[in-house]
Amino acid sequence: MDYEKFFNLSDAPFGSSPDERFYYDSPQHSKVIVKLIHVAEAMRGLGILLGDIGTGKTTIARRMLDIMSAKEEFEVAMLVIIHSALQPLWLIKKVAEKLGVEDIKGNVDKDTLISKLYERLVDIYEQNKKAVVMIDEANMLERKDIMEEMRGLLNIEFPEGHLITFLLFGLPELDNNLKLDMPLYERIGMKCRLETLTAESTKGYIQHRLSVVGRSDNIFTDPAVRVIYKFSKGKPRLINTICDNALLEGFLTKKNIIDEAVVEEVVGDLGIM
């Protein structure tokens with residue numbers, strides 16, 4: 001028997017990987033989504049979302065990808081940067097591939113690549129669509145020449161605005177990375193900071209995730225939620241870790257309700273205190 005069965009849950013509610021089923025539209029998340037979609041709609045060229053580790057940037061990015069993919073006005077793509085040892089040509093090629101540029105397999109020179117990408121952007125524009133490229137973990141882009149290439153793509157403009165909009169999601173150091181090319185930095189159309197959840201939103205977040213897997217009543221007492229908020233500081237990733245461990249501890253000790261004592265014990269075991 002696992003804790004899901006013990007608590008009458010259809011699935012584990014506090015997993016560590018982003019899962020669209022559990023998206024919680026907190027005021028913090030909703031606000032930045034509205035702002036960044038405005039950047040794309042207005043063809044502003046460059047929008048930035050900064051946030052500390054575990055605040056939910058990837059969740060926001062995936063939510064926005066779903067929202068914009070469902071709208072006919074957008075041609076949207078998403079890149080996830082997994083390491084910093086990238087060449088500028090790689091970025092241009094990936095953007096081109098994601099936006100549907102054909103015949104660029106193998107070794108393609110930069111001039112040909114940019115020419116084909118420009119043709120594709122014009123084609124998207126003539127279809128009355130707006131090209132949007134979202135880049136998650138953009139703080140991994142640490143080279144000045146990459147920033148210069150991004151600025152070069154933003155130089156492609158029509159009277160209505162930029163032919164391509166970049167939405168960058170990253171840790172706070174992304175702001176300094178963008179300053180490697182000040183002309184690019186000055187083109188930022190919107191910069192948002194993803195704040196952590198409030199105490200009220202933390203309670204709503206926990207209950208929402210439980211309701212997705214079949215529990216509409218409270219498993220965590222209000223004092224337990226207050227302890228979770230205190231030690232997670234409202235970061236969704238830490239909330240998930242604490243809650244998952246607390247449910248497992250509750251299962252092992254046969255407690256149907258998670259109180260503050262259980263939470264304090266697992267927080268101590270996790271070394272978060």
Side-chain angles (χ1 to χ4, degrees), residues 1-34 49 51-67 70 80 136-137 169 171 192-273:
M1 186 176 182
D2 52 31
Y3 82 58
E4 289 93 338
K5 291 181 180 178
F6 179 78
F7 288 106
N8 295 317
L9 307 174
S10 61
D11 200 355
F14 299 104
S16 58
S17 299
D19 188 331
E20 274 298 305
R21 293 178 302 160
F22 294 105
Y23 174 74
Y24 176 63
D25 196 29
S26 73
Q28 293 83 358
H29 288 66
S30 178
K31 182 178 180 180
V32 297
I33 286 176
V34 170
L49 177 62
D52 293 327
I53 293 172
T55 51
K57 298 179 297 298
T58 295
T59 298
I60 292 289
R62 295 191 178 189
R63 179 65 174 174
M64 288 184 60
L65 180 63
D66 286 345
I67 291 172
V80 180
D136 194 16
E137 302 292 349
F169 303 76
L171 296 172
C192 308
R193 177 86 185 211
L194 183 57
E195 303 295 339
T196 54
L197 299 180
T198 63
E200 182 179 357
S201 292
T202 296
K203 181 177 180 179
Y205 174 86
I206 293 170
Q207 193 54 48
H208 170 73
R209 293 186 76 101
L210 289 170
S211 69
V212 170
V213 293
R215 283 294 295 259
S216 58
D217 57 328
N218 293 326
I219 295 178
F220 294 85
T221 65
D222 286 346
V225 172
R226 287 194 288 271
V227 175
I228 293 167
Y229 173 70
K230 174 183 176 181
F231 289 103
S232 69
K233 297 179 174 60
K235 293 183 178 181
R237 185 179 299 171
L238 279 179
I239 294 171
N240 288 358
T241 299
I242 294 170
C243 288
D244 182 64
N245 278 266
L247 289 177
L248 179 58
E249 186 66 24
F251 162 62
L252 293 174
T253 56
K254 306 306 178 190
K255 291 187 175 182
N256 293 310
I257 298 297
I258 304 299
D259 59 21
E260 65 269 34
V262 174
V263 175
E264 287 171 350
E265 182 174 351
V266 300
V267 164
D269 290 344
L270 289 166
I272 299 175
M273 300 182 76

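Worth saying up front: this structure is predicted, and the values here are computed from it rather than measured.
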Taking atom CG of N8 and atom OH of Y3, what is their separation to the nearest 0.5 Å?
13.5 Å
Of all heavy-atom pairs between A224 and V263, which one has the smallest distance, and what is that distance?
CB-CG2, 3.9 Å
Tightest non-hydrogen contact, residues C243 and I228, listed as SG-CD1, 3.8 Å
Audit row: F251, E4, side chain to side chain contact (heavy atoms under 4.5 Å, CB included) steps and yes/no
CA-CA 9 Å; F251 162 62; E4 289 93 338; over 6 Å; no
I'd like to check V267 versus K230 (side-chain heavy atoms, cut-off strictly below 4.5 Å). Are they in contact?
no
Show the numbers, then the answer: is there a side chain to side chain contact (heavy atoms under 4.5 Å, CB included) between M64 and I33?
CA-CA 7 Å; M64 288 184 60; I33 286 176; 3.9 Å; yes
Under a 3.5 Å distance rule, please check whether N240 uses its side chain to pair with a backbone N or O of G15 as donor and acceptor.
yes
CG of D269 to CD1 of I242, rounded to nearest 0.5 Å, is 12.0 Å
Measure from the side-chain N and O atoms of R209 to the backbone N and O of P13, and report whether any donor-acceptor pair falls under 3.5 Å.
yes
Is there a side-chain contact between F22 and V213, using heavy atoms and a 4.5 Å cut-off?
yes
Kindly indicate whether the side chain of L210, heavy atoms from C-beta on, has any atom under 4.5 Å from the side chain of F14.
yes
Heavy atoms, side chains only, cut-off 4.5 Å: are F231 and L270 in contact?
no
Taking atom types as modelled, is there a side-chain donor on T198 or E200 under 3.5 Å from an acceptor on the other?
no
Side chains of V262 and E249: closer than 4.5 Å at any heavy-atom pair?
yes
Nearest heavy-atom contact between N218 and Q207 is OD1-OE1, 2.9 Å
Go through it in stages, so that I can follow the logic: the residues are T58 and E137, the test is side chain to side chain contact (heavy atoms under 4.5 Å, CB included), and I'd like the CA-CA distance, side-chain angles, deciding distance and then a yes or no.
CA-CA 8 Å; T58 295; E137 302 292 349; 4.3 Å; yes
Taking the side chain as C-beta and beyond, is there a heavy-atom pair between V32 and I60 under 4.5 Å?
yes
So L247 and F6, side chain to side chain contact (heavy atoms under 4.5 Å, CB included) or not? Walk me through it.
CA-CA 9 Å; L247 289 177; F6 179 78; over 6 Å; no
Smallest heavy-atom separation, F220 atom then A246 atom, equals CE2-CB, 4.0 Å
Donor-acceptor pair, distance only, cut-off 3.5 Å: does the side chain of R215 make one with the backbone of F7?
yes
Between atom NZ of K255 and atom CD1 of I219, what is the distance when rounded to the nearest 0.5 Å?
14.5 Å
Tell me the closest heavy-atom pair linking V212 and S10, and the distance in Å.
O-OG, 4.4 Å
Are any of the side-chain heavy atoms of K235 and L197 separated by less than 4.5 Å?
no
Test: E20 and R62 ion pair at under 4.0 Å:
no
Minimum heavy-atom distance K5-D2, with the two atoms named
N-OD1, 3.1 Å
Charged N to carboxylate O below 4.0 Å: is that the case for D52 and K57?
no
Ion pair D222/K203, N-O distance below 4.0 Å
yes
Please answer whether the main-chain N or O of S26 pairs with a side-chain N or O of S30 as donor and acceptor at a distance below 3.5 Å.
no
Please work out which of the three classes, parallel, tilted or perpendicular, describes the rings of Y23 and H29, given edges at 30° and 60°.
perpendicular
Flag if over 12 foreign heavy atoms under 6.0 Å of CG, L252:
yes
If I take atom OG from residue S201 and atom CD1 from residue I206, how far apart are they, to the nearest 0.5 angstrom?
11.0 Å
Within the 3.5 Å criterion, strictly below it, is a donor on D259 or T221 matched to an acceptor on the partner's side chain?
no
As an exercise, state the distance from CG of D217 to CD1 of I257, rounded to the nearest 0.5 Å.
7.0 Å
